[in-house]
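Only one structure is covered here, and it is reproduced in the block below.
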Amino acid sequence: MNWIISANSKMYDHSSSFEHYGSIDWRQGNAKFEVGDTVYIYCTRPLMMIQYKCTVDRIDLNSDQIRDDKEYWLDEEEYFKSLDGKFMTLRLVEQVSNNQMKLENLKENGLKAAPQGPVKIKDENLLKHIETYFTDNYQTDFFPDTVNEEETEYEGAKRIVIVNKYERSSKARENAVNYHGLNCKVCDLNFKEMYGEIGEDFIHIHHLVPIHEIGKNYKIDYRNDLIPVCPNCHSMLHRKLNGKEPTIEELKKMINK
């Protein structure tokens with residue numbers, strides 16, 4: 001069976017919980033989940049999109065049989081409320097971020113409304129749409145940092161960028177946007193406020209740790225390593241002054257002058 005459930009990141013930091021453990025013990029409610037079921041997690045505002053695909057590994061667990069995840073609850077009162085009832089273990093299979101998984105596209109393909117509780121996916125067109133587009137091949141557009149200027153190639157008007165696995169990670173990007181927001185951290189530009197609908201969800205992501213310094217075993221920290229910036233500020237952050245790229249704070253001071 002295939003399901004959709006909803007998650008509120010303002011209440012529980014499921015991004016970090018999945019990142020650190022690869023699974024979450026989730027309240028079952030009254031739904032009849034079975035081991036092996038596929039569960040898609042719909043993230044509520046501001047994302048309003050399906051972002052996670054999980055497999056049910058265990059069901060009918062009591063609170064003393066699950067991992068204590070108090071550190072991921074943003075509201076202590078809600079944490080204690082969450083300990084009632086039965087739980088299931090959801091193992092993360094994949095996370096993506098692309099516009100085809102947004103609520104408006106899901107509704108166009110068979111979803112009746114934003115999920116409030118567990119929803120069985122009975123509509124074949126909806127399931128086909130989700131299975132087809134739940135991939136990073138269609139992820140939300142963003143511009144990664146280059147590894148270095150010598151490795152950047154040009155082909156006519158099209159810029160070819162060498163992409164590091166951290167740069168193309170929609171998981172890291174979406175976590176950073178969800179944490180920091182969509183305003184440029186240098187000049188405070190918000191593309192939707194400036195351009196309307198066409199600017200919705202658009203922002204660049206800047207790596208505070210230079211890409212060429214990241215080793216293959218480096219674990220990205222979206223809170224401290226990634227920052228949203230507009231394309232102009234992003235370009236300036238990679239321009240060197242006296243042989244050194246400016247920091248976020250240094251670039252802010254330049255603007256304020």
message: Please report the interatomic distance CZ(F33) to NZ(K120), rounded to the nearest 0.5 Å.
response: 9.5 Å
field: 4.5 Å side-chain heavy-atom contact, N232 and L189
entry: no
query: Taking all atoms of both residues into account, what is the closest heavy-atom pair of E245 and L237, and its distance?
result: CB-O, 3.3 Å
message: Quick check on the hydrophobic clustering: are Y72 and I66 connected, directly or via other members, by side-chain heavy-atom contacts under 4.5 Å?
response: no
message: Is a donor from one side chain sitting under 3.5 angstrom from an acceptor on the other, for N125 and N109?
response: no
- prompt: Short question: side chain of R67, backbone of Y21 - any donor-acceptor pair under 3.5 Å?
  reply: no
Heavy-atom donor-acceptor pair, D37 side chain to V39 backbone, under 3.5 Å: no
message: So which atom in I203 and which in V177 form the shortest heavy-atom distance, rounded to 0.1 Å?
response: CG2-CG2, 4.1 Å
task: Quick one: do K252 and E249 satisfy salt bridge (Lys or Arg N to Asp or Glu O under 4.0 Å)? Show the steps, please.
output: CA-CA 5 Å; K252 280 184 181 180; E249 292 304 318; 3.7 Å; yes
Joint cluster assignment, L90 & F87, ILVMFWY side-chain distance < 4.5 Å: no
field: Test log, rule side-chain hydrogen bond (donor to acceptor under 3.5 Å, both in side chains), inputs Y179 and N224
entry: CA-CA 10 Å; Y179 182 75; N224 299 307; over 6 Å; no
query: Between atom CE of M236 and atom SG of C187, what is the distance when rounded to the nearest 0.5 Å?
result: 12.0 Å
message: Under a 3.5 Å distance rule, please check whether S17 uses its side chain to pair with a backbone N or O of D13 as donor and acceptor.
response: no
Residue pair I255 / C233, side-chain heavy-atom distance below 4.5 Å: yes
message: I need the I41 CD1 to I50 CD1 distance, nearest 0.5 Å.
response: 10.0 Å
message: Please give me the minimum heavy-atom distance between N2 and Y40, naming the atom from each residue.
response: OD1-CE1, 4.4 Å
- prompt: At their closest point, which heavy atom of K185 faces which heavy atom of H180, and how far apart are they?
  reply: NZ-O, 3.5 Å
query: Taking all atoms of both residues into account, what is the closest heavy-atom pair of Y222 and S16, and its distance?
result: OH-OG, 2.8 Å
task: Please test L208 against I248 for side-chain contact (heavy atoms from CB on, under 4.5 Å), starting from the C-alpha separation and ending with a verdict.
output: CA-CA 9 Å; L208 295 176; I248 295 286; 3.9 Å; yes
- prompt: Atom SG of C43 and atom CG of L103: how far apart are they, to the nearest 0.5 Å?
  reply: 12.0 Å
message: Any non-hydrogen side-chain atom of L251 less than 4.5 Å from a side-chain atom of V229?
response: no
- request: Test side-chain contact (heavy atoms from CB on, under 4.5 Å) on L111 and Y42 and set out the steps.
  value: CA-CA 12 Å; L111 185 66; Y42 171 84; 5.7 Å; no
- prompt: Looking at side-chain heavy atoms only, is the closest gap between E34 and M1 below 4.5 Å?
  reply: no
task: Would you check, one step at a time, whether the test side-chain contact (heavy atoms from CB on, under 4.5 Å) holds for F191 with C230?
output: CA-CA 8 Å; F191 280 88; C230 73; 3.9 Å; yes
message: Does E71, at its CD atom, have more than 12 non-hydrogen atoms belonging to other residues, nucleotides or ligands within less than 6.0 Å?
response: yes
message: For a 4.5 angstrom cut-off between non-hydrogen side-chain atoms, does L226 reach H207?
response: yes
message: Please tell me whether W73 and L61 are part of a single hydrophobic cluster in this structure, the criterion being side-chain heavy atoms less than 4.5 Å apart.
response: no
- request: Decide yes or no for Q100 and H129: does some side-chain heavy atom of the first lie under 4.5 Å from some side-chain heavy atom of the second?
  value: yes
- prompt: Does D25 offer a backbone N or O that forms a donor-acceptor pair with the side chain of T89 under 3.5 Å?
  reply: no
message: Within the 3.5 Å criterion, strictly below it, is a donor on S9 or N178 matched to an acceptor on the partner's side chain?
response: yes
- prompt: Ignoring hydrogens and geometry, is there a side-chain-to-backbone donor-acceptor pair from N98 to Y133 under 3.5 Å?
  reply: yes
query: Less than 4.0 Å between a side-chain N and a carboxylate O, is that true for K81 and E78?
result: yes
field: Pair H204-F202, ring pair (Phe, Tyr, Trp, His ring centres under 6.0 Å): steps then yes or no
entry: CA-CA 7 Å; H204 284 200; F202 184 83; 5.7 Å; yes
- prompt: Measuring from L126:CG to K107:NZ, what's the distance to the nearest 0.5 Å?
  reply: 12.5 Å
- request: Find out if a path of hydrophobic residues (ILVMFWY) with successive side-chain heavy-atom gaps under 4.5 Å connects W26 to W3.
  value: yes
field: side-chain contact (heavy atoms from CB on, under 4.5 Å) involving V93 - partner list, sequence neighbours excluded
entry: K53, T55, R91
query: Below 4.5 Å, heavy atoms only, C-beta onward: do L106 and I130 meet side chain to side chain?
result: yes
- request: Kindly compute the distance separating CE (M49) from OG1 (T44), expressed to the nearest 0.5 Å.
  value: 12.5 Å
message: I'd like to know if the side chain of D69 pairs up with that of Y12 as donor and acceptor (distance under 3.5 Å, no hydrogens or angles considered).
response: yes
field: Atom of I205, atom of P228 and distance for their closest heavy-atom approach
entry: CD1-CA, 4.1 Å
message: I want to check something: taking the side chain as every heavy atom from C-beta on, are K192 and L182 in contact at a cut-off of under 4.5 Å?
response: no
- request: Examine M48 and I121 and state if one hydrophobic cluster contains both, with Ile, Leu, Val, Met, Phe, Trp and Tyr joined whenever side-chain heavy atoms are less than 4.5 Å apart.
  value: yes
message: Taking atom CE as the centre, does M194 end up with more than 12 heavy-atom neighbours from other residues, nucleotides or ligands that are less than 6.0 angstrom away?
response: no
- prompt: Run the side-chain contact (heavy atoms from CB on, under 4.5 Å) check on Y52 and I24 step by step: do they pass?
  reply: CA-CA 12 Å; Y52 302 91; I24 295 177; over 6 Å; no
- prompt: Has F80 got more than 12 heavy atoms of other residues, nucleotides or ligands less than 6.0 Å from its CZ?
  reply: yes
- request: Scan N30, N62, D60 and name whichever one has a side-chain hydrogen bond (donor to acceptor under 3.5 Å, both in side chains) with K86.
  value: N62
